[in-house]
Asks: 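Structure provided below as structure tokens; questions to follow.
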Amino acid sequence: EVQFVESGGGLVQAGGSLRLSCAASGFTFEYYAIGWFRQAPGKEREGVSCISSSDGSIVYADSVKGRFTISSDNAKNTVYLQMNSLKPEDTAVYYCAAYILNPLFPLWLPQYEYDYWGQGTQVTVSS
């Protein structure tokens, strides 16, 4: 059974930092890419960042470049999202998700390509 355990969300003031964790089980971690997505109230879910568990390739959405850092610990089957310089517009439910890697396709894929999703963790940034 595939499971994600997301943690690290919470309430923080603007300019602060949070570190999200996504611990995965039930699939062969190194064959997958892990992405972070977020959904703010009244808005569509959007991609934040993605990392290949195979070669460590990384992509970021423009809105978080320079502020967020994604990393992976394959020994722990866990992906992290370090979020610095947080802004009120970063407020959202953050989800991790996974899809199986295919060398024919780029790392940044549409949401519908993801096979597994976590339950989400709330991040609230106050002004």
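FYI, side chains are in, hydrogens and waters are out, and symmetry mates aren't considered; it's all heavy atoms of this structure.
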Asks: Do Tyr95 and Gln39 have side-chain heavy atoms sitting under 4.5 Å apart?
Replies: yes
Asks: Got Met83 and Val125 here, is their nearest side-chain heavy-atom distance under 4.5 Å?
Replies: no
Asks: Using a strict 4.0 Å threshold on nitrogen-to-oxygen distance, state whether Lys65 and Asp62 make a salt bridge.
Replies: yes
Asks: Is the backbone N or O of Cys96 less than 3.5 Å from a side-chain atom of Glu6, with the two atoms forming a donor-acceptor pair by type?
Replies: yes
Asks: Taking the side chain as every heavy atom from C-beta outward, state whether Val79 and Phe29 have any pair of such atoms under 4.5 Å apart.
Replies: yes
Asks: Should Leu109 and Leu107 be regarded as members of a common hydrophobic cluster, given that ILVMFWY residues are connected when their side-chain heavy atoms come within less than 4.5 Å of each other, either directly or indirectly?
Replies: yes
Asks: Test of understanding: with salt bridge (Lys or Arg N to Asp or Glu O under 4.0 Å), list the residues that count as partners of Glu89, not counting sequence neighbours.
Replies: none
Asks: Applying the 4.5 Å side-chain criterion to the ILVMFWY set and letting contacts propagate, would Val123 and Val48 be lumped into a single cluster?
Replies: yes
Asks: Would you compute the distance between atom CZ of Arg38 and atom OG of Ser49 and round it to the nearest 0.5 angstrom?
Replies: 11.0 Å
Asks: Under the disulfide bond (SG atoms under 2.5 Å apart) rule, collect the residues that match up with Cys50, sequence neighbours excluded.
Replies: none
Asks: Taking the side chain as everything from C-beta on, heavy atoms only, tell me whether Phe27 gets closer than 4.5 Å to Ile100.
Replies: no
Asks: How far does OG1 of Thr91 sit from NZ of Lys43, to the nearest 0.5 angstrom?
Replies: 10.0 Å
Asks: Indicate if Tyr116 and Leu81 have the same hydrophobic cluster label, given that clusters are the connected sets of ILVMFWY residues with side-chain heavy-atom separations under 4.5 angstrom.
Replies: yes
Asks: Quick check on the hydrophobic clustering: are Tyr99 and Leu104 connected, directly or via other members, by side-chain heavy-atom contacts under 4.5 Å?
Replies: yes
Asks: Which pairs would a plain distance check flag for residues 53-61, meaning a side-chain donor or acceptor within less than 3.5 Å of a matching protein atom at least two apart in sequence or in another chain?
Replies:
{"residue": "Ser53", "atom": "OG", "partner": "Tyr32", "partner atom": "O", "Å": "3.1"}
{"residue": "Asp55", "atom": "OD1", "partner": "Ser52", "partner atom": "OG", "Å": "3.1"}
{"residue": "Asp55", "atom": "OD1", "partner": "Ser57", "partner atom": "N", "Å": "2.9"}
{"residue": "Asp55", "atom": "OD1", "partner": "Ser57", "partner atom": "OG", "Å": "2.7"}
{"residue": "Asp55", "atom": "OD2", "partner": "Ser57", "partner atom": "OG", "Å": "3.2"}
{"residue": "Tyr60", "atom": "OH", "partner": "Ile70", "partner atom": "N", "Å": "2.9"}

Asks: Remaining members of Tyr80's ILVMFWY cluster at a side-chain heavy-atom cut-off under 4.5 Å?
Replies: none
Asks: Ring pair (Phe, Tyr, Trp, His ring centres under 6.0 Å) with Phe37: which residues, sequence neighbours excluded?
Replies: Tyr114, Trp117
Asks: Do any side-chain atoms of residues 12-23 form donor-acceptor pairs under 3.5 angstrom with protein atoms, and if so which ones, sequence neighbours left out?
Replies:
{"residue": "Ser17", "atom": "OG", "partner": "Asn84", "partner atom": "OD1", "Å": "2.9"}

Asks: Side chains of Ser71 and Asp73: any donor to acceptor distance under 3.5 Å?
Replies: no
Asks: Check for me, please, whether Phe4 and Leu101 land in the same ILVMFWY cluster - side-chain distances under 4.5 Å, paths through other members count.
Replies: no
